**Q** 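I am attaching a structure below and will ask some questions about it afterwards.
Per chain, numbering begins at 1; letters A, B, ... match sequence-line order. Predicted model only: the values in this text are computed from it and were never measured.
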Amino acid sequence: MNNKQVASVLNQLADMMEVNGDNPFKVNAYRRAARAVENSRASLTELDGGPEALSGVGKGTASVIKEILETGSCTPLEELRQKLPEGLPELLQIPGMGPKTVHAVYHQLGVTDLEALEQALKEKRLRSLSGFGPKKEEKILEGIRRYRERPDRMLLGHVLPVAEEILKRLREHPAVEQAETAGSLRRMKETVKDLDFVVATRHPEQVADAIVSMPEVTRVINHGDTKVSVMFHQGFEIQVDIRLVSPEQFVAALVHFTGSKEHNVRLRQRAKEFGWKVSEYGIYDVKRDEVFTFADEKEVYQKLQLPYVIPEMREDRGELDVEEEHPERIRLEDYRGDLHMHTRWSDGAHSIREMALAAEERGYEYIAITDHSQSLKVASGLTADDLRRQREEIARVNEEVDGITVLAGIEMDILPGGELDFPDEVLVELDLVIASIHSAFQQDQETMTKRILQAMENPHVHIIAHPTGRLIHRRDPYAVDMHRIFQAAKETGTVLELNANPHRLDLNDYWLKLAREEYGVDFTINTDAHSTEGMGVIPLGIATARRGWLEADHVINTYSLDRLLARLKS
DNA sequence: GCCGTTTTCGGCCCGACTGTTTTCAGTCG
């Protein structure tokens, strides 16, 4: 059992306790313990002093954790599962249904699942409970409808262009003094549910009117002076929430609506230590009856005597628990070249020269051409002979195009048995060798892990691409022991990829942070572009690296060409 | 259930909104 799995059990337990009507503070204690376990740098089994060494884990939660670790089961959770119907926790997912309501309909009406709840609503039985009326029945019915039709969270890479367009229009409005994205969009989470914005204005009604009359708006959900919510359609439909505040309140509102929720809770707890309250309107000194406002977000953290935290890191993953200021995280400006891309030689859309020119236009110093290898027939993989001829073309492009260096590489398949698609004498001729999995995704963990380790142990392999193979919403990661992969990466010097494709973002923020902190792994951020436009997703990769706390020096794409070549040779 | 540079007991983040109330409980972000 790893930390993530233990945290998941603790969260399930908290859900069941909540439905059971347990003390909400007790429920929260379990949620906090789950977070502490998930965010712990060290694995639970190797923690000095046991789980209780973690802040938020005490005697009670530690004994539960120990049981999960030692036996794989969790007695309090089993007991609650015996006691309560299994359909009950799902009811918490319905908008408008909280623990109190679930508890009431179960105990007083015998509602055990979603179907029974709908039946009770049809028969108008909820209004018989004290505190319930026709309006509340109506609200829950609407909640069930929304729950059934809930769209998946959308890929950040898909919604980003729309968000940028909306932000541009907001900033162009004459009554708008400042505008910024907020929420998970600003934190650059891999998926988002809606698009949040904060706007500073002295004329909120004018801005609100302008928003609801945009041509792409298909439905107005909320049209007030402080908050406007609309459904926005541009190729797909997504909810857009815009908060309108006075210019003095803008910075505090931006912090508040950027979140995350958990990060905000920590800020407020901190403020309490000084006798202050944090809200979207500023920091309020209760004793002196005084509100502090701020010129920028750095001042907010300074006021609370906390290190400044970039939006991408505001997830309560330990970012507020450091003594000193955070080091600078990697920025787009640090990025010098893309090391994973395809051309017409395999399944790409453009030629080597076209890719080189596009990269030069982006200001890159180098790129690597890494087409697929012979076994990947669906992508017209290259034979050793093709590779030799491709190298000649790369040499010609290097002569003809100034200002950029094109490296000759390969994205080579790791075959199901763990052997590589080319022998060493072919690989040694190349500047850069990426190895990756494109077949037999269903292998068991031991086979898959050994298969990747075997590739890493080959001295000619520099990089493992998209190491978990997950496709967001489409394919789970393959079964692989990531800790062994990280350990091997450290030992062999193999670089692990953060693939910036919006569907992949693989490694993700969680693994990046863990691999760097616990194992000191080096990374490469690449777009895996199959066309010149494909290189445009690099900001997603940089943002994900920032979410994983990476600094420029942890990423080989920030190296000078000389340093990069030396690293590859070593 | 957890925690302590005011605390080992008494708190536990904050404000808006809604629907049910007649002063407040529940839910949400």
**Q** Taking syn as a glycosidic torsion within 90° of 0 and anything else as anti, which one is B:dT7?
**A** syn
**Q** In whole angstrom, give me the gap between the C1' atoms of B:dT18 and B:dT23.
**A** 15 Å
**Q** Measuring only the C1' atom in each nucleotide, how far is B:dC13 from B:dT27? A whole number of Å is fine.
**A** 15 Å
**Q** Could you tell me how far B:dC14 sits from B:dT22 if I compare only their C1' atoms? Round to whole Å.
**A** 26 Å
**Q** Expressed in whole Å, how much space separates the C1' atoms belonging to B:dA25 and B:dT21?
**A** 9 Å
**Q** To the nearest 0.5 Å, what is the distance between CD1 on A:Ile238 and OG1 on A:Thr218?
**A** 11.5 Å
**Q** Please verify the inter-ring angle class for A:Phe486 with A:Tyr519; under 30° counts as parallel, over 60° as perpendicular, anything in between as tilted.
**A** tilted
**Q** Reckon A:Tyr281 touches a base, only the sugar-phosphate, or nothing at all at heavy-atom distances under 4.0 Å?
**A** sugar-phosphate
**Q** Does a salt bridge link A:Glu142 with A:Arg145, judged by any charged N lying under 4.0 Å from a carboxylate O?
**A** yes
**Q** Let me spell it out: for each of A:Ile94 and A:Leu129, pick the nucleotide of DNA chain B with the closest heavy atom. Which residue's pick is nearer the 5' end?
**A** A:Leu129
**Q** Pick base, sugar-phosphate or nothing for A:Val27, based on heavy-atom distances below 4.0 Å to the nucleic acid.
**A** nothing
**Q** I'd like to know if A:Arg187 pairs up with A:Glu315 as an ion pair, taking the criterion as any Lys NZ or Arg NE/NH1/NH2 lying under 4.0 Å from an Asp or Glu carboxylate oxygen.
**A** yes
**Q** Could I get the full list of ring-ring contact (aromatic ring centres under 6.0 Å, His included) partners for A:His203, not counting sequence neighbours?
**A** none
**Q** Which part of the nucleic acid, if any, lies within contact of A:Ser130, taking any heavy atom under 4.0 Å across all strands shown: a base, the sugar-phosphate backbone alone, or nothing?
**A** nothing
**Q** Select base, sugar-phosphate, or nothing to describe what A:Pro95 touches, counting heavy atoms under 4.0 Å on all strands.
**A** sugar-phosphate
**Q** Check every strand shown and say whether A:Pro134 touches a base, only sugar-phosphate, or nothing at a heavy-atom separation below 4.0 Å.
**A** sugar-phosphate
**Q** Any idea how A:Tyr308 and A:Tyr301 line up, ring-wise: parallel (<30°), tilted (30 to 60°), or perpendicular (>60°)?
**A** perpendicular
**Q** Distance between the P atoms of B:dT20 and B:dG15, in whole angstroms?
**A** 26 Å
**Q** First and last nucleotide of DNA chain B touching chain A, 5' to 3', heavy-atom cut-off 4.0 Å?
**A** B:dG1 to B:dG29
**Q** Between B:dG19 and B:dT6, how far apart are the C1' atoms? Round to whole Å, please.
**A** 40 Å
**Q** When the C1' atoms of B:dC3 and B:dT8 are compared, how many Å lie between them, rounded to an integer?
**A** 9 Å
**Q** When the nearest nucleotide of DNA chain B is assigned to A:Arg268 and to A:Gly131 on a heavy-atom basis, which residue is associated with the more 5' position?
**A** A:Arg268
**Q** Across all strands, who's sitting opposite B:dG10 as a Watson-Crick or G-U wobble pair, both distances under 3.5 Å?
**A** B:dC3
**Q** With heavy atoms under 4.0 Å as the rule, sort A:Lys227 into base, sugar-phosphate or nothing.
**A** nothing
**Q** So for atom NZ, which belongs to A:Lys135, do other residues, nucleotides or ligands contribute more than 12 heavy atoms lying within a distance under 6.0 Å?
**A** no
